[in-house]
Amino acid sequence: MGKNKLRKFSELSEIDFVYQYPYGRLAEEGFPWRGRWHEVFGNDNPIVLELGCGKGEYTVGLARRDASRNYIGIDIKGARMHAGAMAAQREGLRNVAFVRTGIELLDRFFAPGEVSDIWVTFPDPQMQKVNKRLTGTRFCSMYRRVAAPGCMLRLKTDSPFLYAYTARMARHNSLAVAADTADLYGEDYTTAEPWLGIRTHYEQQWLERGLSIKYLAFSLDGDTPLCEPEADDIPKDTHRSYSRGYIQMPQMLGEN
């Protein structure tokens with residue numbers, strides 16, 4: 001492991017709102033704040049998750065804009081969330097936390113009805129592996145275990161495939177769709193809902209390449225088992241076949 005990663009892990013361990021619970025530790029100890037997140041934050045405000053939060057840019061961006069909710073970023077990669085955790089610490093944000101764990105363990109960290117909203121921002125579309133799609137029926141069934149009534153799943157993506165698949169999955173299962181656009185900025189959704197304008201590092205790269213950003217929000221309410229739709233006819237993305245070196249355009253290389 002590189003010195004840079006070791007430094008980041010060390011710094012994360014010193015931040016009291018970062019919870020690092022890989023499976024082994026979770027199995028041994030359990031998570032003490034499950035069902036008691038209001039004690040962590042010192043309030044009863046709604047809890048919003050960002051799943052696969054990466055650098056935590058969206059988690060922190062949402063927390064900056066809305067002090068009336070508590071925001072928790074979740075990712076298995078501790079080195080990734082370091083940037084967001086350090087930013088939240090520098091700014092003294094009191095409505096932010098991060099959890100290092102796998103998303104499939106979500107109900108080990110949250111009690112039924114404890115989560116009011118879920119964001120999934122620019123996930124891997126997993127075009128070949130439906131069980132790994134964070135907006136697929138396997139994961140949505142997991143989310144329901146912790147979701148409060150009215151909980152929404154909110155997807156931002158550059159992937160036409162994932163957007164089309166997720167919209168089809170929601171409608172196939174009669175999940176009420178609250179927002180649906182294939183061109184978030186072209187249709188200017190961000191005027192009415194400014195938090196949609198928060199841009200992550202990779203989102204800005206997709207936009208620089210001329211790709212449109214898609215947004216879909218739908219309710220997780222219901223107790224009928226979710227069924228996979230037929231999706232073989234949905235065209236696969238082509239832009240993701242390029243190497244990361246192609247994505248890193250010259251004007252982006254100077255960014256941190």
Side-chain angles (χ1 to χ4, degrees), residues 46-63 69-77 80-81 84 96-107 109-110 114-127 129-148 150-171 173 175-182 184 189 193 195-203 206 211-221 226 228-229 231 234 237 240:
I47 290 173
V48 180
L49 307 183
E50 184 193 5
L51 304 180
C53 68
K55 296 180 180 181
E57 296 157 289
Y58 221 85
T59 301
V60 174
L62 289 167
R69 296 187 175 205
N70 301 314
Y71 294 91
I72 303 174
I74 297 176
D75 205 294
I76 194 63
K77 300 288 188 179
R80 290 178 182 172
M81 66 175 61
V96 174
F98 290 92
V99 176
R100 181 188 170 204
T101 193
I103 294 170
E104 65 275 8
L105 300 176
L106 207 61
D107 63 353
F109 292 88
F110 301 93
E114 200 167 19
V115 175
S116 69
D117 227 9
I118 296 174
W119 284 86
V120 180
T121 55
F122 301 93
D124 185 332
Q126 296 289 350
M127 290 181 285
K129 299 177 181 179
V130 64
N131 281 341
K132 291 191 175 183
R133 290 176 202 154
L134 294 186
T135 58
T137 57
R138 173 177 175 248
F139 278 97
C140 283
S141 296
M142 294 179 190
Y143 307 154
R144 278 180 160 184
R145 297 175 197 162
V146 302
C151 181
M152 304 289 290
L153 180 65
R154 302 179 185 276
L155 170 69
K156 282 183 78 175
T157 183
D158 60 280
S159 167
F161 172 85
L162 187 63
Y163 165 69
Y165 161 80
T166 306
R168 185 176 296 184
M169 186 282 298
R171 293 185 170 95
N173 288 283
L175 302 176
V177 175
D180 181 355
T181 175
L184 177 63
Y189 266 62
E193 301 182 72
W195 55 89
L196 287 172
I198 298 169
R199 297 184 182 182
T200 68
H201 176 71
Y202 288 114
E203 177 179 2
W206 298 125
L211 298 174
S212 63
I213 303 303
K214 297 90 171 65
Y215 174 64
L216 186 73
F218 58 90
S219 172
L220 290 170
D221 286 349
L226 301 177
E228 280 294 327
I234 299 176
D237 299 338
R240 286 178 172 269

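Treat the numbers as computed from the prediction; the structure is a model and nothing was measured.
Across all their heavy atoms, Pro125 and Asp237 have their closest contact at CG-OD2, 4.0 Å. In terms of heavy-atom proximity, Trp195 sits nearest to Trp119 at CD1-CZ2, 3.5 Å. Across every non-hydrogen atom of Ala170 and Phe218, the tightest pair is CB-CG, 3.9 Å. Of all the heavy atoms in Phe98 and Gly56, the pair that sits closest is CE2-CA, 3.9 Å.
By the 4.5 Å heavy-atom criterion applied to side chains, Leu62 and Glu50 are not counted as neighbours. Residues Asp117 and Pro46 have side chains not in contact (no heavy-atom distance under 4.5 Å, counting atoms from C-beta outward). Within the 4.5 Å cutoff, the side chain of Leu49 has heavy atoms near those of the Phe110 side chain. Using a 4.5 Å cut-off on side-chain heavy atoms (C-beta onward), Leu51 and Tyr143 make contact. Considering only heavy atoms from C-beta on, Pro123 stays 4.5 Å or farther from Phe139 through its side chain.
Using modelled atom types, no side-chain atom of Arg154 and backbone atom of Ile118 make a donor-acceptor pair closer than 3.5 Å. No side-chain donor-acceptor contact under 3.5 Å links Thr59 to the backbone of Val96. In this structure, Lys156 contributes its side chain and Leu196 its backbone to a donor-acceptor pair below 3.5 Å. For Arg80 (side chain) and Cys53 (main-chain N/O), no donor-acceptor pair under 3.5 Å exists by modelled atom type. Side chain of Arg133 to main chain of Gln126: a donor-acceptor pair is present (N/O by atom type, distance under 3.5 Å, no hydrogens or angles). Within the 3.5 Å criterion, the main-chain N or O of Gly54 finds a donor-acceptor partner in the side chain of Asp75. Judged by distance alone, the side chain of Glu114 and the main-chain N or O of Ile47 form no donor-acceptor pair under 3.5 Å.
Rounded to the nearest 0.5 angstrom, Asn70 CG and Ser116 OG are separated by 9.0 Å.
Results of the side-chain contact (heavy atoms from CB on, under 4.5 Å) test with Cys140 over Leu175, Leu226, Asn173, Thr166 single out Leu226 as the only residue that passes.
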